[in-house]
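Here the structure comes first, spelled out in structure tokens, and everything after it is commentary.
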Protein chains: 2
Amino acid sequence: MMDQPKKQPTMMDVARLAGVSTMTVSRALKPNTSVGEKTRQKIQDAAEQLGYVLNSNAASFASHKTGFVAVTIPSINNANFAETLTGLSEGLNNTGLQILLGYTNYSKQEEERLIEQFLQRRPEAIVVTGGSHTDRCRKLLENSGVPVIEMWDQPKSPIDESIGFSNADAAALMVDHFVEQGYERIGFIGGDASRDTRGLDRRRGFVARLEALGLESHRLVSAGSPPVTIREGMDSLVKMLDTWPDTQAVMCVSDLSAFGAISYCIRNGIRVPDDIAIAGFGAYDISEVSNPTITTVDVSAQAIGLAVAQQVSNRLSVQQGNPVKIAAPTILARESTQKSVQ
Amino acid sequence: MMDQPKKQPTMMDVARLAGVSTMTVSRALKPNTSVGEKTRQKIQDAAEQLGYVLNSNAASFASHKTGFVAVTIPSINNANFAETLTGLSEGLNNTGLQILLGYTNYSKQEEERLIEQFLQRRPEAIVVTGGSHTDRCRKLLENSGVPVIEMWDQPKSPIDESIGFSNADAAALMVDHFVEQGYERIGFIGGDASRDTRGLDRRRGFVARLEALGLESHRLVSAGSPPVTIREGMDSLVKMLDTWPDTQAVMCVSDLSAFGAISYCIRNGIRVPDDIAIAGFGAYDISEVSNPTITTVDVSAQAIGLAVAQQVSNRLSVQQGNPVKIAAPTILARESTQKSVQ
DNA sequence: TTGAAAGCGTTACCAA
DNA sequence: TTGGTAACGCTTTCAA
């Protein structure tokens, strides 16, 4: 399988066999081009016979159109980002655009490295996660000469365009939900590590909202660097209860850590939400099926991907499209925070 | 940001500014090339000054080396495949190889379409999931002229090379585990849909092992097309208990459906494993943290990705490497099937 | 509707 | 260590 004896056929071979010029072959292999019906058939037969496969590398080179969309996300192994990628991928289907995927492992340095690498491939658009980059990376993106979309965030001064939501505002929603449910001594787990920019934003928004409402805002527990795991959720809850045993409600930086926190409670006879209410973020599958089900913030991860795809298509005029909108984050109120419905 | 006034500089611009030929520039920008120290510095300065970015598209074209590795997986939104992809991606880091990712949505037709598309990009290696393809797809892969690796399976006649495990054998392990625990009336959920080739293999191996041991092997419940969800796990268990109420143990085609089945039990007062034992497949995170924890089959998803990356590197001589091995699947015996440890 | 010629930006190859 | 020249396989552009 490894080596093939003779080289692969080129357009010239097809042209020769079909008795036409390479230009005609080039046209015949693309839709919406003016080529005689007979000629086209002749060419397709010749191509088939030779087992010809278009070299889109050469095509890109000649046309200055690579059909690449560079995309960086923090991690593939995270349901939220996987959903966004799924949406992006589906949305780009049938546009002829190909994603160049890189994952940053939540590191801005790594993002910079990836962008630098991707730029060499001459992508026609660049999609990055978040609005926080190294200076050099920002400069590279600004000078790229192609559309740049920052997703999963709403930066104050976007590089070019952003499709996402304010993590701070989204977390503030949960404060309101807690208050509505009658909780007052409220804590937050995670969002401490400098690498976790979105987590940081969430905690910041959470604290700001607590302060705005005149509530205590010091019940903050570190959960370490992203990705924050289920185990870290457990450990953090222990710390929370050790330090502030009278805490009534806790928001975790993600559903995974919330699930961990709840698991700890269940296994140790602490009732959720009767003894303590626990909420998450991200509307992961697990929030819907854990016992109790977990109150969370739905950020429509897949819709973000679809919207980005749509907007990329618009910008590249690959296809027409309506102005792109995504739904604002919403609270999914479930068992883990609502005594009444329990 | 969208349009840049002047064209991007080329190697010729750099060469001119540095007072050398393009060939020297080409060499100076790559490691391990014989270029004078002063010359190299001069060139790097010139490149920096012009903001030159290598056009690796043109480079690919000229050198016939694209640096692409085409990869198809059924779904990104599946922890197992995401892990494999993570391993693959990490393993390919620093090789200069770039993954072209496509997901088939568990469809062989879609796989064929993707492969056809990828072939145009002239990848240097192709990685596909599973050993079952359309005839045309198989032919395309055979004629690709590059290394082809089928992962997550052990096909009888691989196209080129395979890195994975036998899904049938892996499932058979669970029969043995059940029997060791004293269960005799054993069922299987999922693996029914023709699209789910790996699920099918698992069920087949499961049934074969039951028969080999002289046990009943008719307790099979459909769970629908992949991806099999938590909800489908719940529904399938209901069917299982309706049809064969005396079932003692059930293996689900994946941990997700196992979790669903267990959730149904917990919420309906059926004790796991005291009333019924339930096992999954895949060693998803959830199997470790659900309550009870779920007995599952660990297939080292990430290790598969790493091994594939290693083997791709070997085949392309990007770097030296030891012969590639992955661990055989193993049973992770946990609470959901073991009365004794409960 | 078709064709001819001129690139596209880099690397391979050989020579100096 | 460096440079000159010829590809690489398409598409663009203009002309027929």
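Because only heavy atoms are used, hydrogens play no part in the values below, and waters and symmetry mates are left out as well, while side chains stay in. Throughout, protein chains are lettered first and strands after them, A, B, ... in sequence-line order, and every chain is numbered starting at 1.
- The side chain of B:Tyr52 places an N or O atom within less than 4.0 Å of a non-bridging phosphate oxygen (OP1 or OP2) of C:dT10.
- When the nucleotides C:dT2, D:dG9, C:dT11 are ranked by their closest atom to the side chain of B:Lys30, C:dT11 comes out on top.
- The phosphate of D:dT1 (OP1 or OP2) has no side-chain N or O of B:Lys38 nearer than 4.0 angstrom.
- B:Arg138 and B:Asp135 are not joined by a salt bridge, as no carboxylate oxygen comes within less than 4.0 angstrom of a charged side-chain nitrogen.
- With D:dG4, D:dG9, C:dG9 as the candidates, the nucleotide lying closest to the side chain of A:Thr10 is D:dG9.
- Of the candidate nucleotides C:dG9, D:dT5, C:dT1, D:dT5 has the atom nearest to the side chain of B:Met23.
- Regarding A:Leu54, its CG atom lies at a distance of 12 Å from the P atom of D:dG9, rounded to whole Å.
- Remark: side-chain polar atoms of A:Gln120 are not paired, donor with acceptor, to backbone N or O of B:Leu54 under 3.5 angstrom.
- Atom CZ in A:Arg27 sits about 13 Å away from atom P in D:dT13, given to the nearest Å.
- At least one cation-pi condition fails for B:Arg113 and B:Phe118: the charged atom is not both under 6.0 angstrom from the six-membered ring centre and inside a 45 degree cone around its axis.
- The side chain of A:Ser56 places no N or O atom within less than 4.0 Å of a non-bridging phosphate oxygen (OP1 or OP2) of D:dC10.
- Distance from the side chain of A:Thr39 is smallest to C:dT2 among D:dT11, C:dT2, D:dT2.
- Here C:dT10 presents its P atom at 14 Å from CZ of A:Arg121, a figure rounded to the nearest Å.
- Nucleotide D:dC10 holds its P atom 13 Å from the CD1 atom of A:Ile43, rounded to whole Å.
- When the nearest nucleotides of DNA chain C are assigned to A:Glu37 and A:Thr22 by heavy-atom distance, the more 5′-ward of the two goes with A:Glu37.
- Distance CZ (A:Arg16) to P (D:dC10): 12 Å, rounded to an integer number of Å.
- Per the geometry, CE belonging to A:Met12 stands 15 Å off P belonging to D:dT11, to the nearest Å.
- Using a 4.5 Å heavy-atom threshold, the side chains of B:Ile304 and B:Trp152 count as touching.
- Using a 4.0 Å heavy-atom cutoff across all strands shown, B:Lys65 reaches no nucleic acid atom at all.
- By the 4.0 Å N-to-carboxylate-O rule, A:Arg136 lies close enough to A:Glu116 to be salt-bridged with it.
- Between A:Ser63 and B:Thr33, the residue anchored closer to the 5' end of DNA chain D is B:Thr33, taking for each the nucleotide with the nearest heavy atom.
- One finds a side-chain N or O of A:Thr24 lying less than 4.0 angstrom from the OP1 or OP2 phosphate oxygen of C:dG3.
- Atoms NE2 (B:His64) and P (D:dC10) sit 11 Å apart, rounded to a whole Å.
- Counting any heavy atom pair closer than 4.0 Å across all strands shown, B:Ser60 reaches no nucleic acid atom.
- Distances were taken from every side-chain heavy atom of B:Ala62 (C-beta onward) to each of D:dT2, D:dC10, C:dT11; the shortest belongs to C:dT11.
- Residue ring and base: A:Phe61 does not count as stacked with D:dC10 (centre distance below 5.5 Å and interplanar angle below 30° not both satisfied).
- As a whole-Å value, the separation of A:Asp13 CG from D:dC8 C1' is 14 Å.
- A:Thr134 and A:Glu112 form a side-chain donor-acceptor contact under 3.5 Å, judged by distance and modelled atom types alone.
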